[in-house]
Every structure is written in C-alpha cells, then in structure tokens.
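By convention in this document, chain letters (A, B, ...) are assigned in the order of the sequence lines, proteins followed by strands, and residues within each chain are numbered from 1.
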Amino acid sequence: GDSVTQMEGPVTLSEEAFLTINCTYTATGYPSLFWYVQYPGEGLQLLLKATKADDKGSNKGFEATYRKETTSFHLEKGSVQVSDSAVYFCALSGEGFKTIFGAGTRLFVKA
Amino acid sequence: ETGVTQSPTHLIKTRGQQVTLRCSSQSGHNTVSWYQQALGQGPQFIFQYYREEENGRGNFPPRFSGLQFPNYSSELNVNALELDDSALYLCASPSGSYNEQFFGPGTRLTVL
C-alpha cells in the first residue's frame, strides 16, 4: 500500500541555518503531496502542497519539489527562525481525500 | 474560512468504557475523515464518511465506529476502550481541490 517515510528527528538547528527534511513516498497512481506542520499544543496546519510531478510548493519561506523520478518531496528553508520550531509531517493523498502521513520530524531552532 | 471544530478538547476515560467524540465543519462539504495520532506518531486514517455512509476504513477494529449527520457534523464512537486508544483524535474536512484537508484542533483522549 501507499506509504511515506521521512527522516527521523529531532533536528536541532541554530537560527538562520539551512533546513532540509527528507521525505520519500511509495504510491500507486499520481498522488498529491503535502507538508503539514504542528506547532506545540496546536492542530495540523497545511504548510504547502504539490499536485503533480515537478511542481514546487512554497509557503512562509519553505519549499518542496515533487520529484516523481526519485519519489521524493524534501522540505527546505534557507534560513530558519525560532518560531519554526514544530513537528513537520510529510503526507500524500490519492483519490477520496484519505491522507497518509509520515511519522513526523521534530525541529528545534535555537536562538 | 472552512473551520473545523471538535469537542471536547480533552477527555479521560477508564479501560472498558465507551466514548463519543464530536466534529463540526463549516465547509459544507459532505465528506469527513477521522484520524488517530498517537504520541510521537503521525496521524493514522481511521475512516471516512461521505453523504452519511462509511466510505473507506483504515486498519482499525469495528469497535471504532462513526456517524455523519445532514448538517455536516460527525461523531466518532469507540467502544471497550483500551489503553492504546490514548491519542489525539483529529477530524478533517476537504478545504479545496487536490485532496487538501482542513484539520480540527483535535480531542486528546486519555484511557486509564
């Protein structure tokens, strides 16, 4: 069945460092890919999405490119802030709105 | 805004009891999904309701059941609670195209 694998955390960075969180997926068909973020004590929020191969999703300085040839959707940000500290989930969704999530990667950003 | 609300925020039950969690969506969409998020894990798909009928289920036993009502509200019922049912339960409703979902804040269930 469909699945998502993302790098284990926690990831600890200093403010203004470059962030990469790796995500790979296994799916039949052509799923949509997402990154969700969960801030402490809050629910899931959609961070960005890509719906077809080579699409780049972007939001709040974060970017991810849908790479069909490597079945990847890595999350990147050029300069992280303390406020980016959260748990990040890579996810995919095919037909019918069922969403499959990775295990999540916790990010700590130090001032 | 396609807001999704859930109640209660927190709940404590003992093993063997039954629990009902509630969800309400302002989206007007006739699809609602429920997810279980255990501590330190990603959300796991429980089931989805479409036009008041179950329309897909994840790897959860029958003691997890649901209802969807004509006003787009929904319930998740769990019978014979087990300790491993302790988790954050999330309700989600479509918020746009391309299978994008809007999640509610969740209900934190603790089973003692």
Side-chain angles (χ1 to χ4, degrees), chain A residues 1-10 21 23-25 27-53 55 57 59 64 66 73 75 86-107, chain B residues 1-7 9-10 21 23-25 27 29-51 53-60 66 68 74 87-108:
Chain A
D2 296 354
S3 65
V4 174
T5 303
Q6 60 183 107
M7 65 186 287
E8 293 187 18
I21 300 178
C23 171
T24 57
Y25 68 91
T28 55
Y30 304 96
S32 297
L33 301 177
F34 306 90
W35 278 98
Y36 284 85
V37 59
Q38 191 169 39
Y39 296 102
E42 297 186 16
L44 283 171
Q45 300 176 26
L46 178 66
L47 180 60
L48 55 83
K49 66 182 180 186
T51 59
K52 61 182 186 297
D55 265 2
N59 186 27
Y66 191 141
F73 193 55
L75 182 68
V87 181
Y88 293 82
F89 293 93
C90 184
L92 68 81
S93 184
E95 296 182 4
F97 297 102
K98 173 184 175 181
T99 303
I100 295 171
F101 290 85
T105 303
R106 183 173 296 276
L107 171 66
Chain B
E1 181 177 301
T2 55
V4 178
T5 58
Q6 294 186 243
S7 63
T9 305
H10 296 89
L21 311 181
C23 170
S24 180
S25 171
S27 71
H29 205 286
N30 50 19
T31 301
V32 64
S33 302
W34 285 90
Y35 293 79
Q36 180 196 67
Q37 185 180 12
L39 196 62
Q41 301 295 317
Q44 300 291 316
F45 176 74
I46 301 174
F47 47 55
Q48 180 183 92
Y49 275 76
Y50 173 69
R51 293 185 176 179
E53 297 285 334
E54 188 179 294
N55 183 42
R57 171 178 280 266
N59 190 27
F60 282 83
Q68 186 185 24
S74 175
L88 181 68
Y89 288 85
L90 298 165
C91 168
S93 182
S95 63
S97 59
Y98 303 112
N99 301 334
E100 179 181 329
Q101 295 194 81
F102 194 90
F103 284 82
T107 294
R108 173 75 60 187

For B:Tyr50, enumerate each residue passing the ring pair (Phe, Tyr, Trp, His ring centres under 6.0 Å) test, keeping only those at least two apart in sequence or located in another chain.
none

Relative to chain A, which of B:Gly42, B:Pro43, B:Gly40 shows the most heavy atom pairs under 4.5 Å?
B:Pro43

Under 4.5 Å to a heavy atom of chain A? For B:Gln37 that would be side chain

Kindly assign one of parallel, tilted or perpendicular to the pair B:Phe47 and B:Tyr49, based on the angle between their ring planes and the thresholds 30° and 60°.
perpendicular

Under the side chain to side chain donor-acceptor pair (under 3.5 Å) rule, collect the residues that match up with B:Gln36, sequence neighbours excluded.
B:Tyr89

Is chain B contacted by the side chain of A:Leu46, its backbone, both, or neither, given a heavy-atom distance below 4.5 Å?
side chain

Part of A:Gln6 within contact of chain B (heavy atom distance under 4.5 Å)
neither

side-chain hydrogen bond (donor to acceptor under 3.5 Å, both in side chains) evaluation trace for B:Gln41 with B:Gln44:
CA-CA 9 Å; B:Gln41 301 295 317; B:Gln44 300 291 316; 5.8 Å; no

